Colleague: 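Before I ask anything, here is the structure I am working with.
Proteins get letters first, then strands, A, B, ... in listed order; numbering begins at 1 in each. Just so it is clear, the structure is predicted and the values come from calculations on it, not from any experiment.
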Number of protein chains: 2
Amino acid sequence: MSSISVENYLKNIYELEASEKKVTTNIIADKLKIAPASVTDMVKKLSSKGFLRHVPYKGVEVTEKGKRSALKIIRKHRLWEMFLVEVLHFSWDKIDDEAEAFEHIMSERMEQKIDEVLGHPVVDPHGDPIPSKKGIIRHIEYDPLTKVEEGTVVQVVRVNDAHPELLEYISKIGLFLKTKMTVLQRIKFDNSFIVKIGSKKQFLSQRMAESIFVQRV
Amino acid sequence: MSSISVENYLKNIYELEASEKKVTTNIIADKLKIAPASVTDMVKKLSSKGFLRHVPYKGVEVTEKGKRSALKIIRKHRLWEMFLVEVLHFSWDKIDDEAEAFEHIMSERMEQKIDEVLGHPVVDPHGDPIPSKKGIIRHIEYDPLTKVEEGTVVQVVRVNDAHPELLEYISKIGLFLKTKMTVLQRIKFDNSFIVKIGSKKQFLSQRMAESIFVQRV
DNA sequence: ACATTAATTTAGGTAAGCCTAAATTAATCA
DNA sequence: TGATTAATTTAGGCTTACCTAAATTAATGT
């Protein structure tokens with residue numbers, strides 16, 4: 001029904017580059033939920049326009065030009081997510097789809113207004129960095145919770161937003177961005193965690209811990 | 001490049017019904033800036049779906065079903081305009097295009113959040129009524145400034161938003177929604193006006209006065 | 001009333017972005 | 001190495017919302 005925009009392709013391919021060693025037609029098709037043949041079409045088009053580098057049967061790379069375009073849309077997406085949470089009081093597990101739609105129609109002026117109202121934030125509600133207007137990303141240092149030793153006090157600085165169900169669960173136990181907690185116990189059997197949030201003990205499975213990123217305090 | 005959605009057709013036709021005695025193919029084409037033949041296509045499609053009633057070579061009418069759909073999108077449009085002005089500090093002459101884009105992708109949830117944050121407003125920044133969720137419009141009584149006698153004190157309750165240039169000009173002279181002013185003089189020569197806004201005398205041409213709607217206070 | 005003019009519709013075509021099925025290429029492993 | 005398998009591309013098609021040009025219908029003025 002509704003088709004995928006050029007920037008949307010670039011954004012997704014750019015994001016895939018971070019998690020896949022080789023970005024292939026099938027991987028893109030899978031993420032965008034369209035047929036591989038359709039991806040080939042679009043990849044050819046975007047390559048001819050200089051957004052991608054494509055070696056047939058091999059894979060795809062985002063060019064500098066493509067990267068600029070991707071970062072622009074990522075900035076809009078994350079600013080809008082921030083806005084949804086801070087101003088419209090959405091909960092952080094329900095914002096991704098909304099932001100997906102809006103990012104494509106957000107004008108420069110709008111982007112600027114939102115940035116102002118929010119006071120020029122540098123991370124979105126999941127702790128992902130918001131690229132600057134010039135496309136610069138300030139990376140912060142952190143570790144997945146799985147790397148943390150028993151007894152350590154940590155602060156949550158990022159949560160993987162790929163699975164809303166995770167966000168929903170951890171909200172319920174009082175775990176948000178900036179939350180401080182103590183790692184009480186690492187259970188050897190399956191690498192799950194007992195942490196203390198506020199005065200309460202809470203459980204986190206290994207899969208959860210892998211998606212929660214923290215700094216030691 | 002970007003095509004016009006079903007709701008957009010309905011919204012525009014619905015709005016044209018208020019200002020034209022007969023809504024014809026050419027009038028629609030003109031407003032939407034597409035070829036008349038394209039309008040015929042779409043009108044046939046919307047008629048077959050029960051949104052419009054179409055008598056070939058004659059004209060078009062919005063059905064009850066079409067009206068419901070139009071009012072839904074108008075509600076979104078006006079809520080969003082209000083939001084742009086109240087929360088994002090846009091000026092009222094620069095919001096229409098922004099709202100145009102957003103109205104189509106605004107989810108129910110989003111509509112509700114915005115309505116809440118704004119405190120359930122009943123008019124948009126130009127004084128146009130915001131249809132309720134059920135599609136009910138509260139009409140208020142007013143006259144165009146052209147109907148007002150010399151010496152009367154009036155309050156602005158609506159301004160025709162069809163021409164951003166008008167909005168821009170009258171903002172400059174301090175005329176906004178809810179502004180109170182005194183009609184000092186009606187110039188017989190060309191029906192233009194001298195009004196007092198605050199302590200200053202300001203000029204309004206007849207064309208301007210026709211687009212400014214007021215209540216006597 | 002009828003010829004002219006203007007509005008509208010019909011017919012046929014285009015571009016985009018998707019699809020499926022078939023053909024091609026690359027990777028794997030016996 | 002060569003055959004099998006999996007990934008990718010090519011070929012051909014569909015739909016949608018637009019277009020232009022031609023045909024049709026309605027409205028207008030003498």
Colleague: Pairs in or reaching into residues 58-71 of chain B: which pass side-chain hydrogen bond (donor to acceptor under 3.5 Å, both in side chains), with residues at least two apart or in two chains?
Modeller: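 Listed by first then second residue: B/R53-B/E61.
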
Colleague: Hey, are the side chains of A/L88 and B/V117 touching, using non-hydrogen atoms and a 4.5 Å cut-off?
Modeller: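 They are in side-chain contact.
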
Colleague: Could you check A/N8 against A/N12 for side-chain hydrogen bond (donor to acceptor under 3.5 Å, both in side chains), going step by step and ending with a plain yes or no?
Modeller: CA-CA 6 Å; A/N8 218 327; A/N12 279 284; 2.9 Å; yes

Colleague: Got more than 12 heavy atoms from elsewhere within 6.0 Å of NZ, B/K113?
Modeller: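 Yes.
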
Colleague: For B/K22, report the nucleic acid contact type (base, sugar-phosphate, nothing); a contact means any heavy atom under 4.0 Å.
Modeller: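 The residue B/K22 makes no contact with any strand.
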
Colleague: Quick one, B/V156 and B/F176 - any side-chain contact, counting heavy atoms below 4.5 Å?
Modeller: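 Contact flag for B/V156/B/F176 side chains = no.
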
Colleague: Under the side-chain hydrogen bond (donor to acceptor under 3.5 Å, both in side chains) rule, what pairs show up with a residue in residues 33-52 of chain B, not counting sequence neighbours?
Modeller: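 As it turns out, there is no side-chain hydrogen bond (donor to acceptor under 3.5 Å, both in side chains) pair with a partner in residues 33-52 of chain B once direct neighbours are skipped.
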
Colleague: What residues in residues 66-74 of chain B put a non-hydrogen atom under 4.0 Å from any atom of DNA chain D?
Modeller: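 Here the set is empty: none.
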
Colleague: What are the 5'-most and 3'-most nucleotides of DNA chain C lying under 4.0 Å from any heavy atom of chain B?
Modeller: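 Boundary nucleotides touching chain B, in 5' to 3' order, are C/dA7 to C/dT10.
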
Colleague: For B/F213, give me all partners under ring pair (Phe, Tyr, Trp, His ring centres under 6.0 Å), at least two apart in sequence or on another chain.
Modeller: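 B/F213: ring pair (Phe, Tyr, Trp, His ring centres under 6.0 Å) contacts with B/Y142.
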
Colleague: Mind running a 4.0 Å heavy-atom check of residues 46-60 of chain B against DNA chain D and sending the residues that fall below it, in number order?
Modeller: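 Going residue by residue through residues 46-60 of chain B, the ones with a heavy atom under 4.0 Å of DNA chain D turn out to be B/Y57, B/K58.
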
Colleague: Using heavy atoms and a sub-4.0 Å distance, could you list which residues of residues 30-41 of chain A are near DNA chain D? By number, please.
Modeller: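 Result for residues 30-41 of chain A: A/P36, A/A37, A/T40, sorted by number.
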
Colleague: Which side-chain N or O atoms in residues 15-25 of chain B pair as donor and acceptor under 3.5 Å with protein atoms at least two apart or in another chain?
Modeller:
{"residue": "B/E15", "atom": "OE1", "partner": "B/K31", "partner atom": "NZ", "Å": "3.4"}
{"residue": "B/E17", "atom": "OE2", "partner": "B/V62", "partner atom": "N", "Å": "2.8"}
{"residue": "B/S19", "atom": "OG", "partner": "B/L16", "partner atom": "O", "Å": "3.4"}
{"residue": "B/T24", "atom": "OG1", "partner": "B/I27", "partner atom": "N", "Å": "3.4"}

Colleague: Within the 4.5 Å heavy-atom criterion, are B/E86 and B/L118 side-chain neighbours or not?
Modeller: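 SC-SC contact between B/E86 and B/L118 confirmed.
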
Colleague: Write out a two-atom table: protein N or O, nucleotide N or O from nucleotides 2-4 of chain D, distance below 3.5 Å.
Modeller:
none

Colleague: Pairs in or reaching into residues 90-102 of chain B: which pass side-chain hydrogen bond (donor to acceptor under 3.5 Å, both in side chains), with residues at least two apart or in two chains?
Modeller: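 Every side-chain hydrogen bond (donor to acceptor under 3.5 Å, both in side chains) pair that includes a residue of residues 90-102 of chain B, provided the two are not neighbours, is A/S107-B/E98, B/K11-B/E100, B/H77-B/D96, B/S91-B/D93, B/W92-B/S171.
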
Colleague: For residues 130-141 of chain B, please give each side-chain donor-acceptor pair under 3.5 Å, one per line with the distance, not counting sequence neighbours.
Modeller:
{"residue": "B/S132", "atom": "OG", "partner": "B/K134", "partner atom": "N", "Å": "3.2"}
{"residue": "B/S132", "atom": "OG", "partner": "B/G135", "partner atom": "N", "Å": "3.4"}
{"residue": "B/S132", "atom": "OG", "partner": "B/I136", "partner atom": "N", "Å": "3.1"}

Colleague: Could you list all the ring pair (Phe, Tyr, Trp, His ring centres under 6.0 Å) pairs where at least one residue sits in residues 94-121 of chain B, not counting sequence neighbours?
Modeller: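 Pairs touching residues 94-121 of chain B that pass the test: A/F102-B/F102, B/W80-B/F102.
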
Colleague: Salt-bridged, B/K72 to B/E7, with N to O below 4.0 Å?
Modeller: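 No, no charged N to carboxylate O under 4.0 Å.
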
Colleague: Inspect the surroundings of CZ in B/R216 and state if more than 12 heavy atoms from other residues, nucleotides or ligands are less than 6.0 Å away.
Modeller: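 Enclosed: over 12 neighbouring heavy atoms sit under 6.0 Å from CZ of B/R216.
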
Colleague: Testing the basics here: between A/L177 and A/P125, what is the closest heavy-atom pair and its distance to 0.1 Å?
Modeller: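 Closest heavy-atom pair between A/L177 and A/P125: CD2-O, 3.5 Å.
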
